[in-house]
Protein chains: 2
Amino acid sequence: MRLVVARCSVDYAGRLSAHLPLANRLLLLKSDGSVLVHSDSLSYKPLNWMSPPCVLTVLEPDEAQRDAGVTELWKVAQAKTADLLVISIHEVLHDSSHELGHDPGLQKDGVEADLQKLLAEQIELLGEGYRLVRREYMTAIGPVDILATDAAGGSVAVEIKRRGDIDGVEQLTRYLELMNRDPRLAPVSGVFAAQEIKPQARTLATDRGIRCVVLDYDAMRGMDDAHQRLF
Amino acid sequence: MRLVVARCSVDYAGRLSAHLPLANRLLLLKSDGSVLVHSDSLSYKPLNWMSPPCVLTVLEPDEAQRDAGVTELWKVAQAKTADLLVISIHEVLHDSSHELGHDPGLQKDGVEADLQKLLAEQIELLGEGYRLVRREYMTAIGPVDILATDAAGGSVAVEIKRRGDIDGVEQLTRYLELMNRDPRLAPVSGVFAAQEIKPQARTLATDRGIRCVVLDYDAMRGMDDAHQRLF
DNA sequence: GAATGTATCTCGTCC
DNA sequence: GGACGAGGTACATTC
């Protein structure tokens with residue numbers, strides 16, 4: 001990894017065109033050839049970048065560019081698309097290289113899969129008499145998160161999200177439409193379960209006869225722990 | 001901006017829990033207090049990070065940690081949420097600070113707004129006799145990108161996307177449903193226009209009687225330039 | 001490789 | 001400040 005702090009301007013042409021006026025920035029050159037341009041604020045996202053696979057070539061500035069103060073011209077070209085990033089360097093303030101070696105990568109824990117697992121174990125949260133049929137119930141257009149039955153024995157399709165957005169309601173609607181054509185399942189009612197449900201999503205769901213359930217992740221995890229301790 | 005290359009392990013607890021095993025990484029400390037942890041590959045996204053506003057405190061490692069090889073313990077706490085990032089530093093390989101100053105920011109060009117403006121100007125691309133009624137036609141559930149009339153004088157709602165995905169078809173469907181309840185507009189037909197239309201989106205649109213139109217951005221811009229030159 | 005769904009999404013904009 | 005939509009979304013997983 002090479003770290004360069006430089007006064008530079010940057011131009012990108014690809015899926016859009018973008019320009020960064022002359023200023024001091026960090027140029028991050030990774031060993032896979034990728035390049036990131038970071039400013040001193042606005043975390044997370046680089047101001048501009050090129051994803052691998054890509055090739056960096058250092059060009060000599062022409063006379064006009066040299067007159068404008070450009071000392072080095074970096075051309076970063078994407079290998080597959082026609083995307084191009086051009087960095088015009090006016091002054092290098094720092095330049096160092098470092099051997100980092102391979103990174104073992106991030107270990108995550110605590111996402112939608114957890115919510116699904118917990119709700120499957122605590123399906124009675126949806127109401128008395130609810131029974132789990134199975135998780136990831138397969139349909140022609142994809143898996144429904146949870147298929148269950150209610151107290152009356154009717155089928156219930158459950159879509160689980162961390163954040164309940166309008167997209168999730170649309171997704172569940174497509175599943176319900178399809179499943180209600182299957183005489184072995186129909187009628188199938190829908191439950192939209194999420195840690196947080198946006199007002200628009202709730203309105204749309206209610207309008208379509210889909211029940212909304214807000215999940216308390218911490219409480220469910222607590223129940224899970226209690227369950228672990230008891231058995 | 002402070003650049004630290006160090007052998008370290010990282011733990012994050014917040015919206016999820018995550019752990020990075022011991023390895024060499026770049027720690028990027030920005031002047032707004034934010035921290036980014038980058039590896040030497042996988043461009044763009046940091047392995048882990050903390051967004052501003054946040055506070056960094058350097059702690060002394062306790063005996064057990066010191067025995068495990070930890071020389072410095074960095075605690076980065078989010079000021080608003082309870083998110084916490086803990087960086088256990090075993091060895092510092094590089095440490096430098098740089099004054100970057102303010103960044104003028106990115107200037108963009110070539111997004112959805114452009115496509116909308118161009119198509120409004122060149123509405124005849126949809127077919128002979130098409131006339132623009134207005135851009136951003138307001139409905140109860142949001143603005144339709146373009147409202148037009150076809151050669152027969154019938155209303156046409158146009159949804160424009162850079163990438164035509166299934167979501168866009170759903171969005172247009174909702175608009176059409178609503179607009180067709182308005183006797184002053186009905187019947188309203190739909191056009192789904194995008195630079196690129198995904199097969200699934202095309203299938204769904206066609207199934208719902210929505211016409212798909214692929215837009216050639218470069219050609220439209222060319223027409224626009226020609227238009228500018230002529231008038 | 002294409003398609004699909006998630007994200008500690010991030011980031012703008014509009015109300 | 002919250003909601004909503006777009007992103008050069010990026011990224012993992014599945015088909």
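Naming: A, B, ... by sequence-line order, numbering from 1 per chain. In this text, all values refer to a predicted model and were calculated from it rather than measured experimentally.
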Look at the side chain of Lys45(B) and decide which nucleotide, out of dG5(C), dT6(C), dA10(D), has an atom nearest to it. dA10(D)
Would you mind checking if Glu121(A) and Lys117(A) are paired as a salt bridge, meaning a charged N to carboxylate O distance below 4.0 Å? yes
Please state how far atom CG in Leu16(A) lies from atom C1' in dA6(D), giving the value in whole angstrom units. 12 Å
Side-chain atoms of Lys161(B) come closest, of dG5(D), dG5(C), dC11(D), to dG5(D)
For the pair made of CD in Glu170(B) and P in dC4(D), what is the distance, rounded to whole Å? 17 Å
Provide the closest heavy-atom pair for Ala23(A) versus His102(B) in the form atom of the first, atom of the second, distance. CB-O, 4.4 Å
Over how many whole Å does the gap from Leu47(A) atom CG to dG12(C) atom P extend? 10 Å
note: Asn48(B), atom CG; dT10(C), atom C1'; distance rounded to Å ~ 16 Å
Would you measure the distance from the P atom in dT8(C) across to the matching atom in dT4(C) and give it in whole Å? 22 Å
Any donor and acceptor pair, going by atom type alone, linking the side chain of Gln78(A) with main-chain N or O of Met50(A) inside 3.5 Å? no
Closest nucleotide among dC15(D), dG5(C), dC11(D) to the Gln171(A) side chain: dG5(C)
Please tell me which of Arg174(A) and Ala18(B) maps to the more 5' nucleotide of DNA chain C, matching each residue to the nucleotide holding its nearest heavy atom. Arg174(A)
For Lys80(B) and for Ser43(B), find the nucleotide of DNA chain D with the closest heavy atom, then tell me which residue's nucleotide is more 5'. Lys80(B)
Specify the separation, in whole Å, of atom CG of Asp32(B) and atom C1' of dC11(C). 15 Å
Any side-chain donor paired with an acceptor under 3.5 Å for Arg208(B) and Thr173(B)? yes
Between P on dT6(C) and CD on Glu136(A), what's the gap in Å once rounded to a whole number? 10 Å
Walking DNA chain D from its 5' end, the first of Gln78(A) and Ala201(A) to be reached, judged by nearest nucleotide, is Ala201(A)
Would you kindly check whether a donor in the side chain of Tyr12(B) faces an acceptor in the base of dT8(C), or vice versa, at under 3.5 angstrom? yes
Any stacking of Trp49(B) on dT8(C), going by centres under 5.5 angstrom and planes within less than 30 degrees? yes
Out of dT6(C), dG5(C), dC15(D), minimum distance to the side chain of Met138(A) belongs to dC15(D)
With heavy atoms under 4.0 Å as the rule, sort Thr81(B) into base, sugar-phosphate or nothing. nothing
Return the value, rounded to whole Å, for the distance between atom CD1 of Ile160(B) and atom C1' of dG5(D). 15 Å
Minimal heavy-atom distance between Ala157(A) and Leu176(A), with the atoms involved, is CB-CD2, 4.0 Å
Could you give the CZ-to-P distance, from Arg202(B) to dA3(C), as a whole number of Å? 12 Å
